[in-house]
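The first residue in the sequence is number 1, and the count goes up from there.
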Amino acid sequence: MTTCLKVLALSLAIGLSAAVGAVEAAVKAEGSGLKVVGNKIVDAQGQTLVLKGVNMHTYYYQYAWDKTAPLKYATEADIKYLKSLGVNSIRLGLHWQYFRTQLGYQLIDNYVRWCENAGIYLILDMHVALPDSTAGQGKIWNSPVAQQKFIKLWKNIATRYADKKIIAGYDIFNEPAPSEAKKWWDLAAATLSAIRQVDPRHIIFIQAPLGSDTRFQRMNDTNVVYSFHNYKPFVVSYSGYAGAYDSKIPSNSYPGLVLNDVYMAGWAKGKNVVSKISEWTQLDSGEITVPAGVEFAALRLGAAGRIGEVWFDDFSITHNGVKFNMSNPSLEQASVVNAQLPASWRFGGSGDFSGTWDRTVNRPATSANGIASLKISGSSGGGSWSQVNQFYTEPLVKIKAGDKIRFQTWVYAPEMEHGEFGIRFDYYNGSREYYDKARLAKDLQPYLTWASTNNLPLYVGEFGALSTAPGASRYNLVRDSMSVMNAAGLSWSLWSYRDLGQPYFGLYLDKKLDKRLATELKKGLE
C-alpha cells in the first residue's frame, strides 16, 4: 500500500471512529435527565420526548413461592430487542417485598445498566405496595404504620438512584384504590415530599385513584406526570377472563358492537309460598315459556312480611331440557370481591330485612363438604337475593322467545307467620355500543381536556388486550389504542412484555413471541 493510500485509509478510519463515537454519544445522550415543562416531557437538550414503551412486571405474583422469579423475567437481550422495535422506555414493576433483602436493588441495578447500554429510559413502578402480598388488596389505607414504611421505602430508593439519569422517574403506587380518594392524595403528597428531600430532579408519576372518585388532583410540584390506565372497552381487553370477579367476562369483538350493560325487562311468574316449611323441601317452577323481546334470565329469591328466617340451597336450572351450567349452584364458593359473600349473589332489602350467607345451616343429604345456604331474615319490609351480572352475561341464561326454562331449589322456612317468600326468573336485555377508533378517542377526551386546561402532561401507564379476545380483536384494539394516543401526543406503556400462562397480555408467552403483536407494536412506535 502506498503512503498516500495509507494516509487515506488512516483518515477514513479516524472519520469512521469519530462517526461511531458520535452515534454512541447520541445514544448515551438519551440517558440524560428528563423533566416536565408545561404539558411536555423534555430531555436535557430541551427537546420534547414522548415516552413509548412496555411494562416489565417481573413476575411479581410469583415472588411468594419463588424468591428468584424477578431475576428470571428478562435479560439484557430482551432490552436490546425492545430497542430494536423502537421502544424508548420501560415501566419496571416492583414488589415492596423485594426490598426486604437486596433483591430489589439488585433488580433495579440490572435494569439501570441494561437501559443505559441500550439508551432506553426506566420508570420504577411500585406495583405491589406494602403491606399487601399481591396487587390491589388495599391494606395500606387503614394502616398509618404501613404508610410511613411506604414513604420511607420510596425515600430510600430515591436516595440510591437520585443521580441516575437513565431513570425517567418514579411511578409511586400502581392503581391506588382507597375507600376515599383523599386517602390516596394525602399519601401521594407525603411520599412526593419525602422523595424531594433527597431527589429534587426525577419526574414523579402520579396515578388517578380507582373507585367512585377517579379525578386527578394537581400536586404542589411542577415535575409531575399524571398517569392513568386504559383498558377500555374492558369487555374486549379482558375478553374471556375468569379471574377478575365471580364470573367469566364474555367475548366481545373489536371493532364491533360491545355489550356494555343489561337492564331489567320484566320477570316470569315464579313459585311463591305463604306457609311454614318445617323441613327442607324442593320447589319446582315447572316449565316456563320465554316471551318475545328478552335476551337473558336470572334467578331472584324474595321475601316480605313476617317470615322469621328462610333458607335457600342447591339450585338447578334447565334450558330447553338441558341442565344449565350455573355459577355457584350449591353456594359453597366465596366471592373474589368479598369473601363474606357468596360468589355471584348479592342481597338488597328494606325495613329490618337482612340477607346472610349462612355457613352453619345447609340442606341435609348434600355433599359431605356442603356447609352453606342463603338466608333471608325479617318481620317488616322485604328483601331479595339476586344473581350478580358483573359482566352482563354470566351467570345469566341466554334465552330467546319460545325457549323453555325451569328452576328447582330447596327451601326451609320453619318460622313463617304472616309473610311470603318465593323464587322467580328476572328477564334482562342487553345494551350495546359500537366501538372503533373514534370511540376510543372519545374515551380519552376527558383526560385530554383536564390536561389541556391545567397545562399538564399525561402518561397511559398500562393498556393492552388478552390473548382470549376473539379473532383479531387483540391486535386491532392495541393498534387503534396506540394510534389515538399517538395522535393526542400521549406517552404510554403496553401491558406487558412477558407472561407465563394462558390467557396472557404479553408480547411473549414464556419464550414464544407473538409476532403479530410485536409487528403492531413496532408500527405504533414509529
**Q.** Under 3.5 Å donor-acceptor, Thr449 side chain and Gln445 backbone
**A.** yes
**Q.** Interatomic spacing from CD1 in Ile167 to CG in Leu124 - rounded to 0.5 Å
**A.** 4.5 Å
Q.
Run Lys139 and Ser143 through side-chain hydrogen bond (donor to acceptor under 3.5 Å, both in side chains) and show every step you take.
A. CA-CA 7 Å; Lys139 297 176 183 178; Ser143 174; over 6 Å; no
Q: Starting from the C-alpha separation in whole Å, work towards a yes-or-no answer on side-chain hydrogen bond (donor to acceptor under 3.5 Å, both in side chains) for Asp78 and Tyr73.
A: CA-CA 9 Å; Asp78 294 296; Tyr73 186 80; over 6 Å; no
Q) Name the one of Ser386, Ser327, Ser335 that satisfies side chain to side chain donor-acceptor pair (under 3.5 Å) with Ser344? A) Ser327
Q. If you count the non-hydrogen atoms of other residues, nucleotides and ligands that lie under 6.0 Å from CG in Asp163, is the total more than 12?
A. yes
Q) How about Phe150 and Phe173: are their ring centres within less than 6.0 Å of each other? A) yes
Q | Criterion side chain to side chain contact (heavy atoms under 4.5 Å, CB included) against Ile90, the qualifying member of Asp125, Leu82, Ile123 | A | Leu82
(Q) Would you say that more than 12 heavy atoms from the other residues, nucleotides or ligands in this model lie under 6.0 Å from the NZ of Lys80, or not? (A) no
**Q.** Nearest-0.5 Å distance, OH of residue Tyr121 to OG of residue Ser89
**A.** 10.0 Å
Q. Going through the distances and angles, do Asn110 and Arg113 end up as a side chain to side chain contact (heavy atoms under 4.5 Å, CB included)?
A. CA-CA 5 Å; Asn110 287 346; Arg113 183 175 68 256; 3.5 Å; yes
Q.
Could you check whether Asp443 pairs with Arg439 (Lys NZ or Arg NE/NH1/NH2 to Asp/Glu carboxylate O, under 4.0 Å)?
A. yes
Q.
Can a donor-acceptor pair be found, under 3.5 Å and without considering hydrogens, that links the side chain of Asn223 to the backbone of Val36?
A. yes
Q) CG of Asn325: more than 12 outside heavy atoms within 6.0 angstrom? A) no
(Q) Within this structure, what is the OG-OH distance for the pair Ser496 and Tyr504, rounded to the nearest 0.5 Å? (A) 10.5 Å
Q.
Taking ring pair (Phe, Tyr, Trp, His ring centres under 6.0 Å) as the definition, give me every residue that meets it alongside Tyr447, ordered by chain and number, with sequence neighbours left out.
A. Phe228
Q) So do Leu259 and Val235 actually touch side chain to side chain, heavy atoms under 4.5 Å? A) no
Q.
I'd like to know if Arg346 pairs up with Asp246 as an ion pair, taking the criterion as any Lys NZ or Arg NE/NH1/NH2 lying under 4.0 Å from an Asp or Glu carboxylate oxygen.
A. yes
Q.
Could you report the tightest heavy-atom contact between Arg196 and Arg201, atom names first, then the distance?
A. NH1-N, 4.1 Å
Q: Kindly give the heavy-atom pair with the smallest separation between Leu107 and Tyr98, and that separation in Å.
A: CD2-CE1, 3.8 Å
Q | Partner residues of Trp450 under the ring pair (Phe, Tyr, Trp, His ring centres under 6.0 Å) criterion, sequence neighbours left out | A | Phe216, Tyr226
**Q.** Tyr238: ring pair (Phe, Tyr, Trp, His ring centres under 6.0 Å) partners, not counting sequence neighbours
**A.** Tyr231, Phe234, Tyr241, Phe505
(Q) Is the positively charged end of Arg91 above the ring of Phe463, judged by distance under 6.0 angstrom from the centroid and angle within 45° of the axis? (A) no
Q. Say you draw a straight line from NZ of Lys437 to OH of Tyr254; how long is it, rounded to the nearest 0.5 Å?
A. 8.0 Å
Q: Would you confirm whether Asn328, through its side chain, and Gln333, through its main-chain N or O, come within 3.5 Å as a donor-acceptor pair?
A: yes
(Q) What I'd like to find out is whether the side chain of Pro457 reaches to under 4.5 Å of the side chain of Ser491, using heavy atoms alone. (A) no
Q: Quick one: do Asp199 and Tyr170 satisfy side-chain hydrogen bond (donor to acceptor under 3.5 Å, both in side chains)? Show the steps, please.
A: CA-CA 11 Å; Asp199 184 349; Tyr170 312 128; 2.6 Å; yes
(Q) Would you compute the distance between atom CG of Leu517 and atom CG of Leu507 and round it to the nearest 0.5 angstrom? (A) 5.0 Å
Q: Measure from NZ or CZ of Lys67 to the centre of the six-membered ring of Tyr63, then state whether that distance is under 6.0 Å and the direction lies within 45° of the axis.
A: yes
Q) Is the shortest side-chain N to carboxylate O distance from Arg432 to Glu295 below 4.0 Å? A) yes
Q. Could you go step by step and tell me if Ser239 and Asn252 meet the side-chain hydrogen bond (donor to acceptor under 3.5 Å, both in side chains) rule?
A. CA-CA 6 Å; Ser239 182; Asn252 285 268; 5.6 Å; no
